[in-house]
Amino acid sequence: IPALPNGQIFIGNGSNVATPQTMSGDCTLSNTGAITCTGSGSGIPTVNTIASLRTLGSPATNPIVNVLGYNTPYDNGGGTFVVQASSCTDDGVLKFNSTTAGYCYYRQYNGTLTPFMGGAVGDGTTNDTAALQAVENVAVTGQTINLEGGTYLVAPLGSTTSPVCSNCYAVLTKAGVNHVGGTIKW
């Protein structure tokens, strides 16, 4: 593969050869891999994280925003959000207020919640108590929280130290909410 000139990306040509090309149109590609599209192209802005979403303010022309991740791009906590021109109660999972203007971003999802939607890491070493509790708080009777095969470290509520508790499952006890597919560790 040849050296890639600054500001270009590789595109496979008709002979399946990677060829450097300059992006055109309304999209830019950052050196971290984030693609942002605005204007008349897709018209859908893309931001890296929920923190970036909160500082976005007014959308340019489209009420939809794509978020690549909750804490970092591609951490499974991102998604598609629809903006409304009014503030809301920010729950850290489904609704996020803009910190720069009176806008609320509403997560679009299929009805199944995941801990990643609340910022959980699910690696078994990060304290995911607050993220799990936030997801549990927005869940309604009959809803499923899919733990997506992760291992979630939990601590007693209010604790930020290494967890030691006998009832750590108290984080996941909302009546009528189903929990599937992962491990809770304390």
Would you list the pairs meeting ring pair (Phe, Tyr, Trp, His ring centres under 6.0 Å) in which at least one residue belongs to residues 76-102, sequence neighbours left out?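 For residues 76-102: F81-F96.
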With a 4.5 Å limit on heavy-atom distance, are the side chains of [X] and [Y] in contact?
| X | Y | value |
| --- | --- | --- |
| C88 | Y106 | yes |
| L132 | E136 | no |
| Y105 | S98 | yes |
| V65 | T46 | no |

Where do [X] and [Y] come nearest, in terms of heavy atoms and distance?
| X | Y | value |
| --- | --- | --- |
| A175 | T141 | O-OG1, 3.8 Å |
| N71 | D75 | N-OD2, 2.7 Å |
| A131 | P115 | CB-O, 4.2 Å |
| N110 | T112 | OD1-N, 2.9 Å |

Cut-off 3.5 Å, no hydrogens considered: what does the side-chain donor-acceptor table look like for residues 147-155, sequence neighbours left out?
residue, atom, partner, partner atom, Å
Y152, OH, L147, O, 2.6

Partners passing side-chain contact (heavy atoms from CB on, under 4.5 Å) against [X] (at least two apart in sequence or in another chain):
| X | result |
| --- | --- |
| Q143 | Y109, L113, A139, V140 |
| D123 | V121, T125, T126 |
| S87 | N97 |
| N178 | T144 |

How far does [atom1] of [X] sit from [atom2] of [Y], to the nearest 0.5 angstrom?
| X | Y | atom1 | atom2 | result |
| --- | --- | --- | --- | --- |
| L56 | T99 | CG | OG1 | 9.5 Å |
| K185 | N127 | NZ | CG | 11.5 Å |
| N48 | L53 | CG | CG | 11.5 Å |

Sequence neighbours excluded, which residues qualify as side chain to side chain donor-acceptor pair (under 3.5 Å) partners of N66?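 Partners of N66 under the side chain to side chain donor-acceptor pair (under 3.5 Å) test: T80.
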Listing request: all salt bridge (charged side-chain N to carboxylate O under 4.0 Å, His left out) pairs with a residue in residues 91-107, at least two apart in sequence or in separate chains.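 Passing the test, one end in residues 91-107: no pairs.
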D90: partners by salt bridge (charged side-chain N to carboxylate O under 4.0 Å, His left out), with sequence neighbours left out: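 Salt bridge (charged side-chain N to carboxylate O under 4.0 Å, His left out) list for D90, sorted by chain: R54.
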Is there a donor-acceptor contact under 3.5 Å from the side chain of T49 to the main chain of S52?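 Checked: pair present.
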Between the main-chain N or O of A120 and the side-chain N or O of D128, is there a donor-acceptor pair closer than 3.5 Å?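 Looks like no, no N/O pair under 3.5 Å.
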